[in-house]
Amino acid sequence: MDPGLLLLLSNLLQLQSQVDPAAALISSPPSSLLSSSATPFLFFALTSVLSYASSTSSPSSSPSSQPLRLRRRSRSTSSSSTSPPRPPSSSSLILSLPSDRIIFSMDPSARDARFRSLYGLSYPVFASLLDQLLPLLPSLSLPLPPDQALALALSRLSRGLSSRALSRLLHPPLSASVVSRVTHALTRLLSTRLYADYVKLPSHHRLLQSTSAFRDLSSLQNLAAVIASSPVRLRDSTDPSLRSPHRPFPAILLQVIADHRKIFLDACVRAPGSSDPASHLRDSSLYRRLCHSDALREPSIQVGGHIVPPFIAGDPSFPILSFLLTPFCSTSVVDRPAPAHKAFDAALAKASAASVEPAIALLKGRWKILRNLNVGLDHASQTVVACVVLHNFCQIAGEPEDDGKYLWRDPPETPQLVRPVDSERALNYAGETLRQVLAQDLYDRQHRLSDGSTSR
């Protein structure tokens, strides 16, 4: 048997274990690990085997007869042909995505490394994402086949290139307007149709997992997630509302909350750079849900005679509320904070450093367009939210974080002072009470642990 076919079949068996990883893991019940969306992908793989066999058995077959995927244009040209040149087919529009035959004959680790360098994710995750989008793409009437459109959009988001710069890398080149149109269509689809499936508040089961993980990380009881605000730099703009005295560049604000897995549970991009995190929070749908619904109300626990529901932690730029606790350092008027307050602030910092901070660093590391957003302001929000969806898709699928290779750290900013709001007085009082209860409980447990180790 052809050795190439043996290698192809071997790689197919390896890919079978990675089939549709995102769709499998996004389901809440553990019993639903076998997703029905795996069937189209397996059918696609079997089709590729047949395509490969036919190409090796028929000398007349050519790369253009393979199933349509993005691939490199052949470097060899036929100089003996006397027929007039034909316009290039859509299959010759390349973003360095090989044909099916080459994909399945490549070493999986080399193939996935190449895909990550070009599109920000591995081949199995690319195929799974394409499978999720295929039913939605026909309504967009794009000028490219689905796989090419997705590869084009991912290439721009992961490389951070402008539409004009990316268009010059294509062979034959596409116009910048086509690159821009395809990117905007895909980011709109990701930020609207896929957002609710991949960015959502945790179920009861997930909430129990999060509070348990954060208790192990920080020793705080019933901490569910951490909130943060991050500026997304825009290309040069003269709009004064996009600028802030706290940073020397125009920006829009991204507000996210993340769990211990570095997965975003909510994202909001509704404020210009001149705004502050507290105002952005109050204008978000998350704020309204947490204030007026049962979101994050259970499971509650008893601490020091008080009922403590699951809560979100934040830095001093956010208001303290019944569901959002911030450090004491922002309100302390004494030179030396109480030991319990100091322990609580350190625990919040530890939780943030293990969740939302590296999540934002990964988001901007994988999707380089967020380091300097080169789209129009009318498409800025959807582009940012689309990258959040892609980030979660990668995290759920188990894409490697590569020990900091993909991390991007923004320069630190001094937290802005929170302006009190009269309508939040009851929420402020409840939050201050819970913070004091949790701080004292944390200090007492640490003190008992310290006394126990000393007595031994």
Side-chain angles (χ1 to χ4, degrees), residues 7-8 10-25 37-38 40-42 44-45 47-48 51-52 63 66-73 91 93-134 137 144-161 166 169-171 179 182-183 186-187 190 194 198 362-369 386-387 389-403 405-407:
L7 179 58
L8 185 151
S10 173
N11 286 331
L12 277 177
L13 291 176
Q14 296 183 50
L15 278 175
Q16 186 175 4
S17 64
Q18 304 178 59
V19 164
D20 210 1
L25 294 179
S37 61
F41 186 78
L42 286 174
F44 162 75
T47 304
S48 301
S51 172
Y52 174 84
Q66 298 293 325
L68 182 60
R69 312 294 289 180
L70 286 172
R71 49 185 168 267
R72 285 193 181 277
R73 182 176 54 181
S91 62
L93 299 174
I94 60 166
L95 288 172
S96 302
L97 188 62
S99 65
D100 294 337
R101 173 181 172 181
I102 296 176
I103 285 173
F104 286 104
S105 63
M106 291 175 67
D107 174 71
S109 59
R111 175 203 62 213
D112 291 343
R114 178 168 179 77
F115 266 73
R116 290 188 189 103
S117 68
L118 294 174
Y119 314 115
L121 36 74
S122 64
Y123 174 71
V125 180
F126 179 96
S128 179
L129 180 60
L130 180 62
D131 185 56
Q132 297 282 316
L133 293 173
L134 276 177
L137 288 174
L144 296 175
D147 56 351
Q148 294 184 6
L150 179 59
L152 184 69
L154 291 178
S155 183
R156 186 177 177 194
L157 297 176
S158 63
R159 298 184 187 188
L161 299 174
L166 183 56
L169 297 179
L170 306 178
H171 302 283
V179 175
V182 170
T183 305
L186 265 295
T187 55
L190 289 166
L194 263 63
Y198 291 96
L362 268 173
L363 172 71
K364 294 185 177 181
R366 281 195 182 118
W367 311 108
K368 297 180 180 63
I369 196 170
C387 290
V389 173
L390 290 170
H391 167 89
N392 278 8
F393 202 92
C394 289
Q395 290 298 105
I396 292 168
E399 279 290 279
E401 299 173 9
D402 284 0
D403 297 327
K405 175 183 176 181
Y406 297 115
L407 295 181

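A search for side-chain hydrogen bond (donor to acceptor under 3.5 Å, both in side chains) contacts involving Thr183 returns nothing, not counting sequence neighbours.
Minimum interatomic distance between Arg111 and Tyr123 (heavy atoms only, all atoms of both residues): NE-CB, 3.6 Å. Minimum interatomic distance between Arg366 and Glu399 (heavy atoms only, all atoms of both residues): NH2-O, 3.5 Å.
Put simply, CD1 on Ile396 and OG on Ser128 are 10.5 Å apart, with the number rounded to the nearest 0.5 Å. Between atom CG of residue Asn392 and atom SG of residue Cys387 there is a gap of 12.0 Å, rounded to the nearest 0.5 Å. For the atom pair CZ of Arg159 and CG of Leu154, the computed distance is 11.0 Å after rounding to the nearest 0.5 Å.
Between Leu137 and Leu150 there is no side-chain heavy-atom pair separated by less than 4.5 Å. Taking 4.5 Å as the limit, some side-chain heavy atom of Pro146 sits within range of a side-chain heavy atom of Leu130. Leu152 is not listed as a side-chain neighbour of Leu186, based on a closest heavy-atom distance of 4.5 Å or more. Using a 4.5 Å heavy-atom cutoff, the side chains of Leu161 and Leu169 are in contact. The shortest side-chain heavy-atom distance between Glu401 and Cys394 does not fall under the 4.5 Å cut-off.
Ring pair Tyr198/Phe393 is tilted by interplanar angle, where 30° to 60° counts as tilted. Between Tyr119 and Phe126, the two ring planes are tilted [angle within 30° to 60°].
Using modelled atom types, one side-chain atom of Ser158 and one backbone atom of Leu118 make a donor-acceptor pair closer than 3.5 Å.
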Exercise. Begin with the C-alpha distance, continue with both residues' side-chain angles, and end with the deciding distance and a verdict on side-chain contact (heavy atoms from CB on, under 4.5 Å) for Val125 and Asp112.
Key: CA-CA 9 Å; Val125 180; Asp112 291 343; over 6 Å; no
